[in-house]
Peer 1: 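Got a structure here, written out as structure tokens. Questions coming.
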Amino acid sequence: MPIISLPDGSKKEFSEPITGSAVAESIGSGLAKAAVAIRINGVLRDLTTHIEDDVDIEIVTRTTDEGLEVLRHDAAHAMAEAVKELYPDTQVTIGPAIQDGFYYDFARNETFTPEDMELIEKRMRKIVERDEKITREVWARAQAIEFFKGQGEIYKAKIIADIPEDEDVTVYKQGEFVDLCRGPHLPSTGRLGKAFKLTKLAGAYWRGDSSNEMLQRIYGTAWANDKDLKQYLHRVEEAERRDHRQMGRQMNLFHFQDEAVGAIFWHPKGWTLFQTLVDYMRQRQNIAGYQEVNTPELMDRSLWETSGHWDTFGENMFTSLTEDNRVWAIKPMNCPGHVQVFKKNLRSYRELPLRLAEFGKVHRYEPSGALHGLMRVRAFTQDDAHIFCTEDQITAETGAVCSLLLEIYRDMGFEDVAIKFADRPQRRVGEDQVWDRAENALLKAMDSLNLDYTHNPGEGAFYGPKIEFVLRDAIGRDWQCGTLQVDLNLPARLGATYIGEDGKRHTPVLLHRAIFGSLERFIGILLEHYAGNLPFWLAPQQVMVATITSDADQYALEVAQQFQNAGLRTETDLRNEKINYKVREHSLTKTPVIIALGKREVENHTVSIRRLGKKGQKVVPLTEAIATLSKESRPHT
RNA sequence: GCCGGUGUAGCUCAGUCGGUAGAGCAACGCAUUCGUAAUGCGUGGGUCGGCGGUUCGAAUCCGUCCACCGGCACCA
């Protein structure tokens, strides 16, 4: 006689054991239709589960995050079933739900083609039409292994062998298809609906390990209904439209070419943007007590051996062998250089914290497959700084870096910043006790600053734990940009010391920190965040003075000159073209302000201001325009 | 680095069965002086990613290398 409590506190009593579906039906047919799973005493279960005891339940519907996860997991199963029907010699491995969709990894000798993908999707739709019952069974481990081996499913057998002894091995059946799975699943394949689509074909290593064989992964997206699917596809298109590589071409900012793979040719406008960011950061850092330095691009290999970079990343460093038989490494980081500057003078504890900053251009031989526009390159510029301090100063310095960083992100238009704590990685230098100290010091600093953070295990740098600062952009994507690392290893390895109050030599703590991270990448992020429509103060070309007729040419040159004198990045367009044509062209290159000048403006000494993305225009006296725009051109700090 | 896809004019793209390579935009020239997202007419522009092979003949078929795109792995 189960008594079932609903989330709103109401109770329902049933005279006999009942399934989740029936409970949903008893509440309402609409709910029953939308239901994909049931939460019983906090645990997500199949709708087909029989409820015999008194329980708290919640019906999970297809539009909720959890419901979508179930739906997408079902889509993965339907895809696997389709693949097994069409290509019986294929082994299925794993197929989880992911953000916005699902994938399944297959092992098969032949490769899947885009045409296969269409066939598979068609077959999935047939499987949905067949509306096969999905049933759950608990199997004995040995029996399960035997079964899947018998089916030629070696990967599945391996997965079962890895399931902890105390966990049940559950399998789900739909039609002829039997899959090892934790569940939960829908009652039948028909409930999946039609709002899914296979999206891409890719390789993926078995168990995510590049020393293993590569499987074939098929990705798909699945939604509660057609409307949501359409909306998602539209969102993807929008994201493509704001691709920074596209913006770079449209706005004439930079280009790449085969002779310099992973390196950027900055055009005048792109470089102007770059310099605007550098100028801004330089100013902020000066105020925050940093001193700027510059260190060599090339340093003898031995220095990198001492620092530990050679052992850890030697294969990813560019080197140059010279006539005198010396091997030079092109710097992949600035820290060893900064330590040399620190070491050159005898340092006193009174000088600490000493903050050395450098807009250092570094080179790293990134794997070819990792390269991606401005986001991942082989030559980039860091807004790097190293803070030499005592252990007692770690907290205060961490606090200062955090507030500086958050202010700067806000200026750039990012309000939403997440913080992660990354601790010791597998591959590292230094004793475990040193790592304990470094991690504890950083955690203590974060706690005493009341920072909200999540844990990112094993993701620290090879010389120390780090804080990662992750910002969220206008379309909800996360970008890890800033970082702060506590390093108790490199200063000792590179022999940095200072004289303490006690008159003895001590090894300083080294805090590595960057705010933009890579200037190049940050520009990519800005371009995508703003879809090219940069705020006025950042826009490389702020004002275009365009004439309506040639009568205004003289005045236009005068106006442009005055804008330039006021520090506004201004160009003129005196071409013999219609104003419509000019407006369109300069709008496409994302110029924030177009000043159109005709007879009327010449006569009245006014200008007509048109803002990017806005319909009309405003006619104001020239002096007023200059005042307004100059004010806007300052970083709003 | 690995898997799959793509590579044709400055840009976006078409090119059937192997038979002398096309469009729109841009550029250049001429006309037009125009009031806020494309004025008209004309002209020039190609190592069809590189190299090799098959063929009487290759943008097209085969091999190989390179780059890019989407993933995987990597990311000091």
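Each chain gets a letter, A, B and so on, in the order the sequences are listed, and its residues count up from 1. Keep in mind that this is a model prediction, so the values were computed, not measured.
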Peer 1: OP1 or OP2 of B:U36 less than 4.0 angstrom from a side-chain nitrogen or oxygen of A:K618, does that happen here?
Peer 2: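 No, outside the criterion.
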Peer 1: Looking only at side-chain N and O atoms, does A:R249 come under 4.0 Å of OP1 or OP2 in B:U12?
Peer 2: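 For B:U12, OP1/OP2 do have a side-chain N/O of A:R249 under 4.0 Å.
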Peer 1: After noting the C-alpha distance and the side-chain angles of A:D478 and A:K420, does the key distance pass the salt bridge (Lys or Arg N to Asp or Glu O under 4.0 Å) rule?
Peer 2: CA-CA 12 Å; A:D478 289 340; A:K420 294 182 184 174; over 6 Å; no
Peer 1: Has the side chain of A:S608 got a donor or acceptor atom sitting under 3.5 Å from an opposite partner on the base of B:U36?
Peer 2: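 Side chain to base: pair present.
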Peer 1: Send over the distance from A:L588 CG to B:C11 C1', rounded to a whole Å.
Peer 2: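 A:L588 atom CG is separated from B:C11 atom C1' by 12 Å.
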Peer 1: Looking for any heavy atom pair under 4.0 Å, which part of the strands does A:E601 touch: base, sugar-phosphate only, or nothing?
Peer 2: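 The answer is base, as A:E601 lies within the cut-off (heavy atoms under 4.0 Å) of a base atom.
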Peer 1: Check A:K331 against A:P296 and note the closest heavy-atom contact, atom names and distance.
Peer 2: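 Distance-wise, the nearest heavy atoms are CD-O, 3.4 Å.
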Peer 1: Ignoring hydrogens and geometry beyond distance, is the side chain of A:R376 in donor-acceptor contact with the base of B:C74 at under 3.5 Å?
Peer 2: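 A donor-acceptor contact between them is present.
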Peer 1: Applying a 4.0 Å non-hydrogen cut-off, can you work out what A:I594 is touching in the nucleic acid: base, sugar-phosphate, or nothing?
Peer 2: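 Nothing, no heavy atom under 4.0 Å.
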Peer 1: In terms of the nearest nucleotide of RNA chain B, which residue is placed more toward the 5' end: A:Q246 or A:E366?
Peer 2: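 Between the two, 5'-proximity favours A:Q246.
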Peer 1: Which residue lies toward the 5' end of RNA chain B, A:V619 or A:L201, if each is placed at its nearest nucleotide?
Peer 2: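 Its nearest nucleotide lies further toward 5', so the answer is A:V619.
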Peer 1: Could you check whether A:T381 and A:E520, counting side-chain N and O atoms only, form a donor-acceptor pair closer than 3.5 Å?
Peer 2: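 Result is yes, a qualifying pair exists.
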Peer 1: Respond yes when some side-chain nitrogen or oxygen of A:H372 is under 4.0 Å from OP1 or OP2 of B:G70, and no when none is.
Peer 2: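 For B:G70, OP1/OP2 do have a side-chain N/O of A:H372 under 4.0 Å.
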Peer 1: How many Å lie between CD1 on A:I467 and P on B:A76, as a whole number?
Peer 2: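 After rounding, the gap between these two atoms is 16 Å.
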Peer 1: Could you go over nucleotides 38-46 of chain B and give all protein N or O partners under 3.5 Å, atom names and distances?
Peer 2:
| from | atom 1 | to | atom 2 | distance (Å) |
| --- | --- | --- | --- | --- |
| B:A38 | N7 | A:R584 | NE | 3.3 |
| B:A38 | N7 | A:R584 | NH1 | 3.3 |
| B:A38 | N7 | A:R584 | NH2 | 3.4 |
| B:A38 | N6 | A:R584 | NH2 | 2.6 |
| B:A38 | N1 | A:R584 | NH2 | 3.3 |

Peer 1: Does any N or O donor sit under 3.5 Å from an N or O acceptor when you compare the side chain of A:Y365 with the base of B:G1?
Peer 2: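 In this structure, the two groups form no donor-acceptor pair.
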Peer 1: Please tell me which of the listed nucleotides, B:G70, B:A37, B:G1, lies nearest to the side chain of A:A202?
Peer 2: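 Comparing B:G70, B:A37, B:G1 against the side chain of A:A202, the answer is B:G70.
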Peer 1: Using whole Å, report how far CG of A:D423 lies from P of B:A76.
Peer 2: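 It works out to 14 Å between those atoms.
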Peer 1: What integer number of Å spans the P atoms of B:A67 and B:C30?
Peer 2: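 It works out to 44 Å between them.
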Peer 1: Pick the C1' atom in B:G18 and in B:G1, then give their distance to the nearest Å.
Peer 2: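 That atom pair is separated by 37 Å.
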Peer 1: Hey, does A:G616 reach any base, or is it just sugar-phosphate, or nothing, if we go heavy atoms under 4.0 Å?
Peer 2: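 No contact.
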Peer 1: Distance only, no hydrogens: is a donor on one side chain within 3.5 Å (strictly under) of an acceptor on the other, for A:K158 and A:T93?
Peer 2: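 There is no such pair between these side chains.
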Peer 1: Rounding to an integer number of Å, can you tell me how far A:R217 CZ sits from B:G70 P?
Peer 2: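 The distance from CZ of A:R217 to P of B:G70 comes to 16 Å, rounded to the nearest Å.
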Peer 1: Looking just at side-chain N and O atoms, do A:D423 and A:H455 make a donor-acceptor pair shorter than 3.5 Å?
Peer 2: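 Distance-only check passes for A:D423 and A:H455.
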Peer 1: Look through every strand shown and name the nucleotide pairing with B:G45 as Watson-Crick or G-U wobble, where both distances are under 3.5 Å.
Peer 2: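 When the pairing criteria are applied, nothing turns out to pair with B:G45, so the answer is none.
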Peer 1: When the distance from CE of A:M117 to P of B:G71 is rounded to whole Å, what number comes out?
Peer 2: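 So the CE-P distance, A:M117 to B:G71, works out to 13 Å.
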Peer 1: Are the ring centres of A:Y463 and A:H512 closer than 6.0 Å?
Peer 2: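 That pair passes the under 6.0 Å test.
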Peer 1: For A:E528, run the salt bridge (Lys or Arg N to Asp or Glu O under 4.0 Å) check against A:R241, A:R242, A:R477 and tell me which one passes.
Peer 2: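 Exactly one option meets the salt bridge (Lys or Arg N to Asp or Glu O under 4.0 Å) with A:E528, and it is A:R477.
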Peer 1: Would you mind reading off the distance between A:L574 atom CG and B:C34 atom P, rounded to a whole angstrom?
Peer 2: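 Checked: the CG to P distance equals 16 Å.
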Peer 1: Would you say the side-chain atoms of A:D116 and A:Y87 include a donor-acceptor pair closer than 3.5 Å?
Peer 2: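 Note: A:D116 and A:Y87 side chains meet the donor-acceptor criterion.
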Peer 1: To the nearest angstrom, how far is A:D553 atom CG from B:U33 atom P?
Peer 2: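 Checked: the CG to P distance equals 15 Å.
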Peer 1: Can a side-chain donor-acceptor contact be found between A:T295 and A:Q340 if the only test is distance below 3.5 angstrom?
Peer 2: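 Judged by distance alone, the side chains do not pair up.
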Peer 1: Return the nucleotide paired to B:C17: Watson-Crick means purine N1 to pyrimidine N3 with N6-O4 or O6-N4, wobble means G-U with N1-O2 and O6-N3, both under 3.5 Å.
Peer 2: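 Pairing partner, where one exists within any strand: none, as none qualifies.
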Peer 1: Measure from CG on A:L371 to C1' on B:C66 and round the result to the nearest Å.
Peer 2: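 Taking CG of A:L371 and C1' of B:C66, I get 13 Å after rounding.
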Peer 1: Going by purine N1 to pyrimidine N3 plus the second Watson-Crick contact, or the G-U wobble pair, all under 3.5 Å, which nucleotide sits opposite B:C61?
Peer 2: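 Partner of B:C61: B:G53.
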